[in-house]
There are 2 protein chains.
Amino acid sequence: MTSPRRPPRTGFLLSQLGAFASARFGELIKPVGLTPAAAGVLRIIAREPGLSQRALATRLGSVPSRVVVLVDSLEAAGHVSRTRDPADRRHHRLDVTEAGRQVLGALRTAAETQNADVLAPLDAAERETFTALVSKLAAAHGLDPDVHAGYGVRQSRPEN
Amino acid sequence: MTSPRRPPRTGFLLSQLGAFASARFGELIKPVGLTPAAAGVLRIIAREPGLSQRALATRLGSVPSRVVVLVDSLEAAGHVSRTRDPADRRHHRLDVTEAGRQVLGALRTAAETQNADVLAPLDAAERETFTALVSKLAAAHGLDPDVHAGYGVRQSRPEN
DNA sequence: TATTGTTATACTCTATAACTATA
DNA sequence: TATAGTTATAGAGTATAACAATA
């Protein structure tokens, strides 16, 4: 007779943990007035000033129309500026404003708090080990911490 | 002068990794014809036969109307049965059908594949360490592997 | 009157397709 | 004609509120 296999729970628990971490960050930045997705976009633009919306869409693995909505909200909030590129007036250069830079500071603080909250149950040594393993997995799977993953690689179907 | 702090990336990478794991599972069960959310509900019902929809909603941290939709889909697919409770005809007892039980087997296979795929970049020793740490974190935060977390503790606002 | 489940409805997120302007 | 960005629209997921049946 076959013994009843114990189900492999790590993958599921990892999904749960990721969702938990994401939700926690969402709560923490609510006072800042940004969604996690918009926060990720702000960080990407800060990292690559002058990015075009098209390039941003590629970076996000998303579509131009989605980028319009995200940038609209950031621009309306005064965190990001759109400037027509004089060299090719079809392009919009995206840049972080001074106000946006201040928000980036708040986001970093929120990230630190989130990090501490999520890892709180681990002691210092465990935390270090865990961080190393998570980094290794993320790198191996080609994940970018600034790309908000609604719930993963859509493209094919909303698999929620 | 203050040195530029290196941002704490583990929380974000964990979100990414969780979304990645969830998306992978979603792909794997596409042939089965279930969404991850429905799959989680099926597992919960298997674990607690005769559950009422109200109780299920509580278990999911969701609302009764949401449960109706989820159970509708599972019942239409023939994986779950609704039976009025003779003792209190307001309740519907939820149970997994024979067909549902077969699907549960397929889900377990998919979970094993997902688990292997996600953890593939780690060697055996790292995998064991990682699994232990993930389990510890999930337990400490009170997470249930069968509760699909759209993207976290909604309840207050869709923080996507 | 309180509780279980259902239906009607609305809102958010995100994608596809059609459109405008620039090249 | 090709490309960047925008608008219109649609679909999936999930919530709130009103409702029906039962207690």
Side-chain angles (χ1 to χ4, degrees), chain A residues 19 22-23 26 30 34-41 50-76 80-94 147-160, chain B residues 19 22-23 26 30 33-41 45 50-76 80-94 147-160:
Chain A
S22 193
K30 218 175 279 181
L34 291 186
T35 61
V41 168
L51 201 67
S52 77
Q53 294 187 194
R54 204 86 192 185
L56 180 54
T58 304
R59 202 65 43 96
L60 293 171
S62 184
V63 291
S65 64
R66 171 77 183 123
V67 170
V68 170
V69 176
L70 286 167
V71 172
D72 276 355
S73 71
L74 285 167
E75 191 184 36
V80 156
S81 66
R82 273 181 173 110
T83 323
R84 296 200 90 96
D85 186 340
D88 183 339
R89 293 178 44 74
R90 290 174 302 182
H91 288 77
H92 279 169
R93 291 177 46 89
L94 301 174
V147 173
H148 179 76
Y151 225 39
V153 191
R154 294 270 192 264
Q155 242 53 343
S156 38
R157 184 206 272 206
E159 48 228 326
N160 225 6
Chain B
S22 193
K30 218 176 279 183
L34 290 187
T35 61
V41 167
I45 296 173
L51 201 66
S52 77
Q53 293 187 195
R54 204 84 192 185
L56 180 55
T58 304
R59 201 65 43 95
L60 294 170
S62 184
V63 291
S65 63
R66 170 78 184 123
V67 169
V68 170
V69 177
L70 286 167
V71 173
D72 275 355
S73 72
L74 285 167
E75 191 184 36
V80 156
S81 66
R82 273 180 173 112
T83 324
R84 296 199 89 97
D85 185 340
D88 183 339
R89 293 179 44 75
R90 290 174 302 184
H91 289 76
H92 280 171
R93 290 177 47 89
L94 301 174
V147 173
H148 179 76
Y151 223 36
V153 191
R154 294 271 193 265
Q155 240 52 345
S156 38
R157 184 205 274 204
E159 49 227 326
N160 227 6

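Everything numeric in this text was worked out from a predicted model, so none of it was measured. Here is how names work: the chains are called A, B, and so on, in the same order as the sequence lines, proteins then strands, and each is numbered from 1.
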Report task. Would you sort out whether A/Leu56 and A/Leu70 count as a side chain to side chain contact (heavy atoms under 4.5 Å, CB included), showing the intermediate values? Result -> CA-CA 11 Å; A/Leu56 180 54; A/Leu70 286 167; over 6 Å; no
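Within the structure, every side-chain polar atom (N or O) of A/Arg82 is placed at least 4.0 Å from both OP1 and OP2 of D/dA4. Listed pair B/Ser62 / D/dA15 meets the phosphate criterion, a side-chain N or O lying under 4.0 Å from OP1 or OP2. Distances shorter than 4.0 Å separate none of the side-chain N or O atoms of A/His91 from OP1 or OP2 on C/dA21.
Listed here is the closest heavy atom pair of B/Leu74 and B/Val41: CD1-CG1, 3.6 Å. A pairwise comparison of heavy atoms in B/Gly26 and B/Pro36 identifies CA-CG, 4.0 Å as the closest pair. A pairwise comparison of heavy atoms in A/Ser52 and A/Ala55 identifies OG-N, 3.1 Å as the closest pair.
For the pair B/Leu70 CG and D/dA12 P, the interatomic distance rounds to 15 Å; values are reported in whole Å. Taking atom CG of A/Leu51 as the reference point, atom P of D/dA4 lies 12 Å away to the nearest angstrom.
Taking every heavy atom of residues 52-60 of chain B and every atom of DNA chain C, pairs under 4.0 Å involve B/Ser52, B/Gln53, B/Arg54, by number.
For A/Arg82, the side-chain hydrogen bond (donor to acceptor under 3.5 Å, both in side chains) test picks out A/Gln53, A/Asp72, A/Glu75, with sequence neighbours left out. With sequence neighbours excluded, no residue satisfies salt bridge (Lys or Arg N to Asp or Glu O under 4.0 Å) with B/Asp85. Evaluation of the side chain to side chain contact (heavy atoms under 4.5 Å, CB included) rule for B/Arg84 yields B/Arg89, B/His92 as partners, not counting sequence neighbours. Residues satisfying the side-chain hydrogen bond (donor to acceptor under 3.5 Å, both in side chains) test with A/Arg93, not counting sequence neighbours, are none. Take A/Val69 and apply the side chain to side chain contact (heavy atoms under 4.5 Å, CB included) test, not counting sequence neighbours, and it matches A/Arg66. Contacts of B/Ser81 classified as side chain to side chain contact (heavy atoms under 4.5 Å, CB included), with partners at least two apart in sequence or in another chain: B/Thr83, B/Asp95, B/Thr97.
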What nitrogen or oxygen pairs link the protein and nucleotides 7-9 of chain D at under 3.5 Å?
none

Sub-3.5 Å pairs of nitrogen or oxygen atoms, protein against nucleotides 18-23 of chain D:
{"from": "D/dA23", "atom 1": "OP1", "to": "B/Arg89", "atom 2": "N", "distance (Å)": "2.8"}

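Rounded to 10°, the helix from C/dT1-D/dA23 to C/dA23-D/dT1 has 30° between the axis fitted to its first five pairs and the one fitted to its last five.
At the heavy-atom level, A/Arg93 lies nowhere under 4.0 Å from the strands shown.
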